[in-house]
Amino acid sequence: HTDWLEYVERTTPADRDERDRVRRILRMLYRQFDGIFVLNREHKAWLSSHEMGIPPERVFLTAHHALPPPPGVAPIAKQALFADATEATPVLFVAGRLSREKGCDDIVDVFRRARTALPDLRLVIAGTGPEEEALRQALPEACFLGWVSQQELAACYQGLDLFLFPSRFDTFGNVLLEAFSNGMPAVSYNCKGPADLILDGECGYLVSSPGEM
């Protein structure tokens, strides 16, 4: 489920030698199993590479799933979130854990850049986490919903316009499936996980930088 080597690289000060020790420990752990299930093609290729040495026939690609929308959910009205909005007001939606590895820093940059082209653009953020207070200070104009129920989440997916997924870290990105199951397109970085889920230009967009996002 988690690319532990990337996790160590992004969240600790470990140097290259220390990360290599982690890789060797992971290799020792994974080699004892008859089969390993992974969530994206890039992770599968890495486990089957010379770095990890797992025979390709023992590495299997699988996926998460998203539940269908709860019955009886009505799309949220934009006016319920922003008093001066109309149904034509463009609204970005972010949902998930608000932490640094989830790309919270990029949310601020992307929203500000996008607003130069769409001055009326709004932002709704659902979720909690260690970066929530910093985001609230950086984006006082955004609507923060905190933790929401499945019904409330589905109402946001169905009533708002575009899902913003700024994480470069996720091995899958289940929130993308949730967005799709409710009819909302998504924009994400072209990295493992999202690259296996988004058909660029059909159900969303895969991009390479905050500027492009």
Side-chain angles (χ1 to χ4, degrees), residues 10-11 64 66-67 69-70 73 75-83 85 87 89-195 197-198 200 203-213:
R10 290 180 178 269
T11 62
H64 286 313
L67 295 172
V73 171
I76 195 166
K78 295 174 182 177
Q79 298 92 326
L81 302 171
F82 302 97
E87 285 309 297
T89 301
V91 183
L92 289 175
F93 184 45
V94 174
R97 176 170 166 77
L98 304 181
S99 57
R100 183 161 296 178
E101 69 269 16
K102 296 292 187 179
C104 282
D105 290 346
D106 282 358
I107 294 173
V108 179
D109 186 24
V110 168
F111 181 64
R112 294 219 169 116
R113 287 173 184 254
R115 256 200 157 177
T116 62
L118 291 169
D120 199 33
L121 183 67
R122 310 299 171 88
L123 175 65
V124 174
I125 298 176
T128 61
E131 294 299 307
E132 181 178 357
E133 186 55 37
L135 278 175
R136 285 181 179 271
Q137 293 182 16
L139 295 167
E141 65 271 57
C143 175
F144 288 82
L145 301 178
W147 186 90
V148 295
S149 68
Q150 286 298 114
Q151 288 78 9
E152 293 168 318
L153 187 61
C156 289
Y157 282 132
Q158 293 179 30
L160 307 181
D161 298 305
L162 180 66
F163 189 69
L164 177 64
F165 189 66
S167 175
R168 302 174 191 260
F169 180 75
D170 282 68
T171 52
F172 191 78
N174 215 51
V175 286
L176 294 172
L177 292 190
E178 291 176 354
F180 296 158
S181 72
N182 284 279
M184 176 180 273
V187 57
S188 172
Y189 291 120
N190 189 6
C191 57
K192 62 180 146 190
L197 300 178
I198 295 177
D200 189 44
C203 57
Y205 298 96
L206 293 170
V207 301
S208 58
S209 68
E212 189 179 354
M213 184 172 278

ask   = Hey, is K78 close enough to D161 for a salt bridge, meaning N to O under 4.0 Å?
value = yes

task = Search all heavy atoms of V175 against all heavy atoms of A95 and return the closest pair with its distance.
result = CG1-O, 3.9 Å

ask   = Under 4.5 Å between any side-chain heavy atoms of P185 and C203, yes or no?
value = no

ask   = Are side-chain heavy atoms of R10 and F169 found at a separation under 4.5 Å?
value = yes

task = For the pair Q137 (side chain) and A134 (backbone), establish whether a donor and an acceptor sit closer than 3.5 Å, ignoring hydrogens and angles.
result = no

Nearest heavy-atom neighbours spanning L176 and A186 = CD2-CB, 3.6 Å

ask   = Can you tell me how far the CZ atom of R100 sits from the CG atom of D105, to the nearest 0.5 Å?
value = 5.5 Å

query = Which heavy-atom pair separates V91 from L121 by the least distance, and what is that distance?
reply = N-CD1, 4.4 Å

request  = Enter the distance from F165:CZ to D170:CG here, rounded to the nearest 0.5 Å.
outcome  = 3.5 Å

Donor-acceptor side-chain pairing of S181 and E178 below 3.5 angstrom = no

request  = Could you tell me whether the side chains of E212 and S208 share a donor-acceptor contact shorter than 3.5 Å?
outcome  = yes

key: Heavy-atom side-chain contact between L164 and F111 under 4.5 Å   = no

ask   = Backbone N or O of Q158 within a donor-acceptor pair of the N182 side chain at under 3.5 Å?
value = no

request  = Look up atom SG in C156 and atom CE in M184, then write down how far apart they are to the nearest 0.5 Å.
outcome  = 8.0 Å

ask   = Can you name the one residue among L92, T89, L81 that meets side chain to side chain contact (heavy atoms under 4.5 Å, CB included) with R122?
value = T89

key: Considering all heavy atoms, the nearest S209-Y189 contact   = C-CE2, 3.5 Å

Check: L160 and I76 side chains under 4.5 Å, non-hydrogen atoms = yes

ask   = Should the heavy atoms of other residues, nucleotides or ligands under 6.0 Å from OH of Y205 be counted, would the total exceed 12?
value = no

task = For the pair T128 and R97, evaluate side-chain contact (heavy atoms from CB on, under 4.5 Å) and give the outcome as yes or no after the intermediate values.
result = CA-CA 6 Å; T128 61; R97 176 170 166 77; over 6 Å; no

query = Does any non-hydrogen side-chain atom of L139 lie less than 4.5 Å from one of V108?
reply = yes

ask   = Which pair of non-hydrogen atoms, one from R168 and one from P210, has the smallest distance, and what is that distance?
value = NH2-CD, 3.6 Å

ask   = What is the minimum heavy-atom distance between C191 and S167, and which atoms define it?
value = SG-O, 3.8 Å

key: Atom pair CG/CZ of L98 and F144 - distance to nearest 0.5 Å   = 7.5 Å

query = What distance do I107 atom CD1 and D109 atom CG have between them, rounded to the nearest 0.5 Å?
reply = 11.0 Å

query = Salt bridge check: are R115 and E141 linked by an N-O gap of less than 4.0 Å?
reply = yes

query = What do the steps show when you test F172 against L197 for side-chain contact (heavy atoms from CB on, under 4.5 Å), and what is the final call?
reply = CA-CA 8 Å; F172 191 78; L197 300 178; 3.7 Å; yes

ask   = Is there side-chain contact between V94 and L123, with at least one heavy-atom pair below 4.5 Å?
value = yes

message = Would you say that D120 contacts F82 through its side chain, given a criterion of any heavy-atom pair below 4.5 Å between the two side chains?
response = no

task = Starting at CD1 of I125, measure out to CG of L145 and round the result to the nearest 0.5 Å.
result = 9.0 Å

